[in-house]
Amino acid sequence: MRLLNTTTIKLHEFYGTDIPYYAILSHRWGINEVTFQDLQQGRGPEMAGWAKIVGCCAQALKEGWDYVWIDSCCIDKSSSAELSEAINSMFQWYEDSQVCYAYLDDVPLGEEDHERENSAFRNSKWFTRGWTLQELLAPQTVVFFNHGWAEIGTRTSFGKLVSSITNIGEIHLKGFESASTAQKFSWASRRQTLRIEDTAYCLMGLFGVNMPLLYGEGSKAFMRLQLEIIKVSDDDSIFAWVQESAGEYHTVTGLLADSPSAFQQSCNISTANWSRFRLTSPYSMTNHGLNISLMLIPAAEAAQKSVQLLRHEMSPYDFGSDQFLAPLSCYTWSKPLGKEQHREKNHVLLHFGRYTEANGRKGYIRIFSNRLHHLSSTDIPQKGKMEQILVPQPAARNKKTPGRGISKLAISSNHFLCNEFAISSITELTGIDFNREYLRMEKWHPSNSNAHDRTLVLKLGINCMALVEFKSRSSSVEIQDTFILKIHRPGYDLLSIGLILFFPNSKSLGELFFPQAWGLKWDTSSDWAMITLPSGLVITAALRTRLRDGELVYAVDVDTSPSSSMDQSSGREKRVAKGVSPSCNKCCAHQIRA
């Protein structure tokens, strides 16, 4: 361990039991920090970060400490081996320190009322960083300092204030070990790190695990962290998370979360030792998914017994025969703290769907991952069956995909509308048979129809499908051309389009789960589609991503062209007869009905 002498401001190395007493600094990295190389080469006094080091050493020296540890200059970050050792040891170093100085450089010297709303202390960025979580919890003593190195309070004296800022209970500020896994992750759920991998690395000490650093692995780091935790812990609350960005009917998730942000609603989930819901066999990750024993309760039976489930406004179809609720060995309180006489432990349950693979093997996936179910003991049916199940875990993504997080779709058809077509309807397809596919949409409605740029903007849901019907507005053609643009979003970052040729004898659009079954023909391309209409016009649709008013959106460009077999001059004469130029960029307003 490398420490900084508070008198000489020189570095010294110590090992094992020879490490002396020391103070430690917690801070946010700023511009022009003094690094190990800067200190070795004497460049420190010329840098902006030097004042922070001098202030820390002066405070430690005043309290009688000969050494301090400061991460910016006590670690040689040019050595990957040393950096890995330091990050794996950092929690222990903070825990072993005699005092931790939390330097809040964005709290001005003159502020006195730190508890008032919107005070600089409450809004300090120190409380938003991932690394400062362990620096708040691990040391035996934490003292807060403002920009001028004036002491403003301690973790103990500011207990209620710090708890309200961080959402960490006062009891856990005094000793975090009793907190559940879900609670610990919830404390980090709104914190940020410069590198994605550090969202996991900064939490290793909090869970008492170690793992090698692999910068470049991205979100896989958090998946590795969870796998390390379940090797040493049987705390079911690690599965008690929700994926708000998944939308109302997101279905394809495993039991492990993608990031700490999924635990934002888990701060009140505590661990319980309910043997009724668990077998003694441990759970572990296999190449077929997470192997775990859970009590599976038919979801339909639970819905009939408990009005709490109906409060979620779930339809009866949401509780099919292949759906189950599984209680975890963790709970929440039914009433807020302070009303002890009315409080009751509510079990936390996950919603599972069962599917059958081609070889006949049963598998389970978590569905409705945007919510957790909470039921009292009296509301949980007694007919549940304990089973050992495998839950596949989707691989963590290493990089952002082009469609991740996009919430809007723009259908642009400037030239297309000039060829005497208009959008006649937009239909939402809803499928609720779990054995087929969930196609429900979260929110899908026309949010803007601009007659100037001829663009329809739709809000995208997850696991949804919509049909946009186009009809010819021309009475001069013998055949009424009608076709449908199919838009399907099966996942968070997946979108596909297709074109369907709609025949007069077809059924209602709302029944078109499988268009071929109703005599329809369609192009199933994922990002480009083409069909030929009875009149000979060729319709093409292309899916892209574009910037629209500063926002990244999906864009579908729809266009037409004559087929090689069509009399092009005849087609042109019909359009001119209607008074519309083939190259015109303006046409009469079109009607849209949702």
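Position 1 is the first residue of the sequence, and the numbers go up from there. Only this structure's heavy atoms are used, side chains among them; waters, hydrogens and symmetry mates stay out.
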Counting N and O atoms only, with roles assigned by atom type, does the side chain of Asp235 sit under 3.5 Å from a partner on the main chain of Thr181, one being a donor and the other an acceptor? yes
side-chain contact (heavy atoms from CB on, under 4.5 Å) filter on Gln192, not counting sequence neighbours, yields Arg129
Other residues, nucleotides and ligands only: do more than 12 of their heavy atoms fall within 6.0 Å of CG on Asn291? yes
Sequence neighbours excluded, the answer for side-chain contact (heavy atoms from CB on, under 4.5 Å) partners of Asp106 is Arg28, Leu104, Ser124, Lys125
Can you confirm whether Asp258 sits close enough to Gln243 that some side-chain heavy atom of one is under 4.5 Å from a side-chain heavy atom of the other? yes
Residues passing the side-chain hydrogen bond (donor to acceptor under 3.5 Å, both in side chains) test with Ser266, sequence neighbours excluded, are none
**Report entry** Polar side-chain atom of Trp241 near backbone of Leu255 as donor-acceptor pair, under 3.5 Å
**Finding:** yes
Do the rings of Phe222 and Phe263 sit parallel, tilted or perpendicular, given the 30° and 60° boundaries? perpendicular
With sequence neighbours left out, the residues meeting side-chain contact (heavy atoms from CB on, under 4.5 Å) with Glu197 are Arg195, Tyr201, Tyr215, Glu217, Ala221
| task | Answer yes or no: is there a donor N or O on one side and an acceptor on the other, between the side chain of Arg354 and the main chain of Phe324, under 3.5 Å? | result | no
- prompt: For Val242, does its backbone N or O pair with a side-chain atom of Ser369 as donor and acceptor, under 3.5 Å?
  reply: no
Have Thr193 and Asp198 got a donor and an acceptor in their side chains that come within less than 3.5 Å?
no
The side-chain contact (heavy atoms from CB on, under 4.5 Å) partners of Ala326 (sequence neighbours excluded) come to Leu294, Leu296, Phe352
Could you tell me whether a side-chain N or O of Ser180 sits under 3.5 Å from a main-chain N or O of Ile269, the two making a donor and an acceptor?
yes
Is the number of heavy atoms from other residues, nucleotides or ligands under 6.0 Å of Leu194 CG greater than 12?
no
Rounding to 0.5 Å, atoms CZ (Phe239) and CG (Leu372) come to a distance of 13.0 Å
When you compare the side chain of His374 with that of Leu349, does any pair of heavy atoms fall below 4.5 Å? no
Sequence neighbours excluded, the answer for salt bridge (charged side-chain N to carboxylate O under 4.0 Å, His left out) partners of Glu228 is Lys231
